[in-house]
Asks: 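After the structure tokens below, expect a handful of questions from me.
For clarity, every value in this text was computed on a predicted model and none was experimentally measured.
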Amino acid sequence: MRKTRKLVAAGCVCMAMAVGTTAFAMPGATSLVTVTPRTASPASSSDTEQAPSETVPPETKAASEETAAENQEEPVQGVAASEQANKVTVGAASLTAASNVSVAASGPEGMVSQAAVQMAAASPTEVPSPYKDVAVSQVNGDDDYVNIRDEASTEGEILGKIYNNCAATIEETVEKEDGTWYKIHSGSVDGYIKAEYFVTGDEAEALALKIGKMFGYVEEGGLRVRTEPTTESDIITTLWAGEKYTVVEQADGFVKLSLGDDDDGNPVTGYVAEQYVQVYVKFDKAISLEEEQEMIAEAKRREEEAEAAKKSSKREAVVAYAKQFIGNPYVWGGGSLTNGTDCSGFTRGVLGHFGYGLSRTSRAQAGDGRQVPLNSVEPGDLIFYASGGRIYHVALYIGGGRVIHAIDEAHGIGISSMYWTTPCSAVDVIG
């Protein structure tokens, strides 16, 4: 059954903030602006397509197109529809919603209508713009943001920041000696910003459609996806109620959706009839000072984890490289990993392969890196042994309480316990 469309338009909610070279998404609050425009005029069955609804058992999903067309019904145009025809409801909360929009059976939260203005233009009664109380930030300057304060004054306490091209709901307009201020809600932040940093109305809508990302929420189950924007083109697949897809474009009564990639990694797109899809926009929001600090801390944590993973991988590579030479001969004063080397020549050759320059003797190598506790050594660290306070031997720690080293002429290069004799110190040269 063809539905009367509920057109709602929405704000996003994921704020992308650059910290160093890494961008992170910050979830927002689930407060909304909902706009219900005039009911859309029904389209003829010749220019729309809908398969059986999601309530039909799975075995009937393959029903023919002819059967589906015969069962289509026009949108209800009774008393309830006429009462709604000239009513617009604008919520008092923010235009922003959580970055992964929570979807109920009745439709997605936080939607702002793409088609509301077009519907208003077609109606004999003037309908307010869905962007009437919506503002989009336009911030110029090196900082690329403006502070949100707890009062309409530059002396007010800073509560958060709104970056360029973010959306907010205007809750109040305040006239002050230094100009007009807006009390706004965006993300989790409520506060005051000078009006000069925002555009509103038609200008805000035009800008929002450029900077936001468009999505389509499937309202009807069994919605056919076609190769071209016509009901005569081939069917690619069917979509089911509650699914969401990125909108590529809208044209001629159809919406072009991105359906992901095929098995070969090639992008797949297709067309669906627009009356069965709610199209909405997501765009950025403000962040509180607490959220900003959390983002910075998260960025630092991820950088540290990435660095640790990089080092761990390198340490594993050092150990794997060293093991290639097990069984090769020990030669006092030698430096060849294949033809013969002593203990310091072995560690120097292995770590030198990875760009770490070491001194020639074991005693000198003990000063080449950062001293680490023997109970905290990691693979790739150097373990030293001494007699009478004088270092005479060095080995490479490989994990599990074991070392690899050029032992002596009888054993050559081999693996033994780290405690084959008592170690005196350890050094990290990998970092």
Asks: Heavy-atom distance under 4.5 Å between the side chains of Ile383 and Val377, does that happen here?
Replies: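 Side chain of Ile383 against side chain of Val377, heavy atoms only: contact under 4.5 Å found.
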
Asks: Please find the pair of heavy atoms, one from Pro267 and one from Asp261, that lie closest to each other, and give the distance.
Replies: CA-OD1, 3.4 Å

Asks: Looking only at atom types and distance, does a side-chain atom of Ser186 sit under 3.5 Å from a main-chain N or O of Lys285, one as donor and one as acceptor?
Replies: no

Asks: With no hydrogens and no angle check, is any side-chain donor or acceptor of Arg402 less than 3.5 Å from a backbone partner on Ser417?
Replies: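 A pair under 3.5 Å: no.
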
Asks: Would Tyr182 and Ile193 satisfy side chain to side chain contact (heavy atoms under 4.5 Å, CB included), going step by step from the backbone distance to the final call?
Replies: CA-CA 5 Å; Tyr182 289 146; Ile193 297 183; 5.6 Å; no

Asks: Between Leu207 and Val199, is there a side-chain heavy-atom distance shorter than 4.5 Å?
Replies: yes

Asks: If you compare all heavy atoms of Leu257 against all heavy atoms of Val248, which two are closest, and at what distance to 0.1 Å?
Replies: C-CG2, 4.1 Å

Asks: Applying salt bridge (Lys or Arg N to Asp or Glu O under 4.0 Å) as the test, list every pair that has at least one member in residues 145-158; sequence neighbours left out.
Replies: none

Asks: State whether the number of non-hydrogen atoms from other residues, nucleotides or ligands found under 6.0 Å of Glu307 atom CD is greater than 12.
Replies: yes

Asks: Please tell me if the side chains of Val319 and Ile404 come closer than 4.5 Å, counting only heavy atoms from C-beta onward.
Replies: no

Asks: Any side-chain to backbone donor/acceptor pair from Ser313 onto Lys310? Under 3.5 Å, distance only.
Replies: no

Asks: Using 4.0 Å as the upper bound for N to carboxylate O, is an ion pair formed by Arg301 and Glu298?
Replies: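 Judged by the 4.0 Å cut-off on N to carboxylate O distance, Glu298 and Arg301 do form a salt bridge.
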
Asks: Do the side chain of Arg226 and the main chain of Ser233 share a donor and acceptor less than 3.5 angstrom apart?
Replies: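 Yes, because the side chain of Arg226 sits within donor-acceptor range (under 3.5 Å) of the backbone of Ser233.
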
Asks: Return the CD to NE2 distance between Glu171 and His185, rounded to the nearest 0.5 Å.
Replies: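 Those atoms lie 7.0 Å apart.
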
Asks: Does some side-chain heavy atom of Ile413 sit less than 4.5 Å from a side-chain heavy atom of Thr341?
Replies: yes

Asks: Run the numbers on Leu223 and Val277 for side chain to side chain contact (heavy atoms under 4.5 Å, CB included), then give the verdict.
Replies: CA-CA 9 Å; Leu223 180 61; Val277 179; 3.8 Å; yes

Asks: Just to verify, what does Asp262 make a salt bridge (Lys or Arg N to Asp or Glu O under 4.0 Å) with, not counting sequence neighbours?
Replies: none

Asks: Do Asn165 and Asp284 come within less than 4.5 Å of each other through their side chains, counting heavy atoms only?
Replies: no

Asks: For the backbone of Tyr163 and the side chain of Ser137, can you confirm whether one donor and one acceptor N or O come within less than 3.5 Å of each other?
Replies: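 Flag set: sc Ser137 to bb Tyr163 pair under 3.5 Å.
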
Asks: To the nearest 0.5 Å, what is the distance between CD (Gln365) and OG1 (Thr361)?
Replies: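 Taking CD in Gln365 and OG1 in Thr361, the distance rounds to 7.0 Å.
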
Asks: Is the side chain of Thr169 donor-acceptor paired with the backbone N or O of Val134 at a distance under 3.5 Å, no angle test?
Replies: no

Asks: Salt bridge (Lys or Arg N to Asp or Glu O under 4.0 Å): which pairs involve residues 330-346, sequence neighbours left out?
Replies: Asp342-Arg360

Asks: Tell me the closest heavy-atom pair linking Phe254 and Pro229, and the distance in Å.
Replies: CE1-O, 3.4 Å

Asks: Applying ring pair (Phe, Tyr, Trp, His ring centres under 6.0 Å), name anything that partners Phe215, two or more places apart in sequence or on another chain.
Replies: Tyr280

Asks: Is it true that atom NZ of Lys183 has more than 12 heavy atoms of other residues, nucleotides or ligands lying nearer than 6.0 Å?
Replies: no

Asks: Taking Lys194 for the side chain and Asp178 for the main chain, is one N or O donor matched with an acceptor at less than 3.5 Å?
Replies: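 Present.
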
Asks: Quick one: closest heavy-atom pair of Ile287 and Val189, and the distance?
Replies: C-CG2, 3.6 Å

Asks: Check whether any side-chain N or O of Asp234 sits under 3.5 Å from a backbone N or O of Thr227 as a donor-acceptor pair, and report yes or no.
Replies: no

Asks: When you measure from the side chain of Asp381 to the backbone of Glu378, do you find a donor-acceptor pair of N or O atoms at a distance under 3.5 Å?
Replies: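 Side chain of Asp381 to backbone of Glu378: a pair is present.
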
Asks: Are Ile148 and Ile158 packed together at the side-chain level, in the sense that at least one heavy-atom pair is separated by less than 4.5 angstrom?
Replies: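 A side-chain contact is absent here, since even the closest heavy-atom pair is not under 4.5 Å.
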
Asks: Are Val403 and Ile398 close enough, and set up right, to give a side chain to side chain contact (heavy atoms under 4.5 Å, CB included), and what steps lead you there?
Replies: CA-CA 5 Å; Val403 293; Ile398 62 172; 5.8 Å; no

Asks: With the side chain counted from C-beta on, respond yes when Thr154 and Trp181 share a heavy-atom pair under 4.5 Å apart, and no when they do not.
Replies: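 With C-beta onward as the side chain, the pair touches.
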
Asks: What ring-ring contact (aromatic ring centres under 6.0 Å, His included) pairs are there with at least one residue in residues 344-375, not counting sequence neighbours?
Replies: Tyr321-His353, Tyr321-Phe354

Asks: Go through the structure and list residues passing salt bridge (Lys or Arg N to Asp or Glu O under 4.0 Å) with Arg390, not counting sequence neighbours.
Replies: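 Partners of Arg390 under the salt bridge (Lys or Arg N to Asp or Glu O under 4.0 Å) test: none.
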
Asks: Calculate, to the nearest 0.5 Å, the distance between atoms CG and CD1 belonging to Asp133 and Ile184 respectively.
Replies: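 Rounded to the nearest 0.5 Å, the CG-CD1 separation comes out at 13.0 Å.
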
Asks: In chain order, what residues pass the ring pair (Phe, Tyr, Trp, His ring centres under 6.0 Å) check against Tyr419, with sequence neighbours excluded?
Replies: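 Residues passing ring pair (Phe, Tyr, Trp, His ring centres under 6.0 Å) with Tyr419: none at all.
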
Asks: Hey, is OH on Tyr197 packed in by over 12 heavy atoms from elsewhere, all under 6.0 Å?
Replies: no

Asks: Looking just at side-chain N and O atoms, do Ser359 and Asp368 make a donor-acceptor pair shorter than 3.5 Å?
Replies: yes

Asks: Quick one: side chain to side chain donor-acceptor pair (under 3.5 Å) pairs with a partner in residues 422-431, sequence neighbours left out?
Replies: Arg315-Asp428, Arg370-Asp428

Asks: Among residues two or more places apart or on two chains, list those pairs meeting salt bridge (Lys or Arg N to Asp or Glu O under 4.0 Å) that have a residue in residues 403-415.
Replies: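 Of all non-adjacent pairs touching residues 403-415, none passes salt bridge (Lys or Arg N to Asp or Glu O under 4.0 Å).
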
Asks: Under 3.5 Å, is there a donor-acceptor pair between the Glu274 and Tyr276 side chains?
Replies: no

Asks: I'd like to check Thr200 versus Val136 (side-chain heavy atoms, cut-off strictly below 4.5 Å). Are they in contact?
Replies: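 In short, these two side chains do not touch, never coming nearer than 4.5 Å.
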
Asks: Mind checking ring pair (Phe, Tyr, Trp, His ring centres under 6.0 Å) for Trp420 and listing every partner two or more places apart, or none if nothing turns up?
Replies: Tyr385, His393, His405

Asks: For Leu396 versus Ala322, what's the shortest heavy-atom pair and its separation?
Replies: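 Minimum heavy-atom contact is CD2-CB, 3.7 Å.
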
Asks: When you look at Leu289 and Leu159, which way does the side chain to side chain contact (heavy atoms under 4.5 Å, CB included) test go after all the steps?
Replies: CA-CA 6 Å; Leu289 295 184; Leu159 303 177; over 6 Å; no

Asks: Restricting to ring pair (Phe, Tyr, Trp, His ring centres under 6.0 Å), what partner residues turn up for His411, sequence neighbours left out?
Replies: none

Asks: Give the minimum heavy-atom separation between Gly270 and Leu259, together with the two atoms involved.
Replies: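 That closest heavy-atom pairing would be N-CD1, 4.2 Å.
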
Asks: Can you list everything that forms a side-chain hydrogen bond (donor to acceptor under 3.5 Å, both in side chains) with Thr230? Sequence neighbours excluded, please.
Replies: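 Here the qualifying residues are Glu232.
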
Asks: Counting N and O atoms only, with roles assigned by atom type, does the side chain of Glu292 sit under 3.5 Å from a partner on the main chain of Lys161, one being a donor and the other an acceptor?
Replies: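 Judged by distance alone, no pair lies under 3.5 Å.
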
Asks: In Å and rounded to the nearest 0.5 Å, what is the NZ to CD distance from Lys314 to Glu316?
Replies: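 CD of Glu316 is found 13.0 Å from NZ of Lys314.
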
Asks: When you measure from the centre of the six-membered ring of Tyr217, is the NZ or CZ of Lys244 under 6.0 Å away and within 45° of the axis?
Replies: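 Judged by the rule (NZ or CZ under 6.0 Å from the ring centre, within 45° of its axis), Lys244 is not positioned above Tyr217.
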
Asks: About how many Å separate OG of Ser288 and CD of Glu291, when rounded to the nearest 0.5 Å?
Replies: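 Reported to 0.5 Å precision, the distance equals 3.5 Å.
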
Asks: CD/Gln138 to CG/Asn164 distance, rounded to the nearest 0.5 angstrom?
Replies: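 The CG atom of Asn164 is 5.0 Å from CD of Gln138, to the nearest 0.5 Å.
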
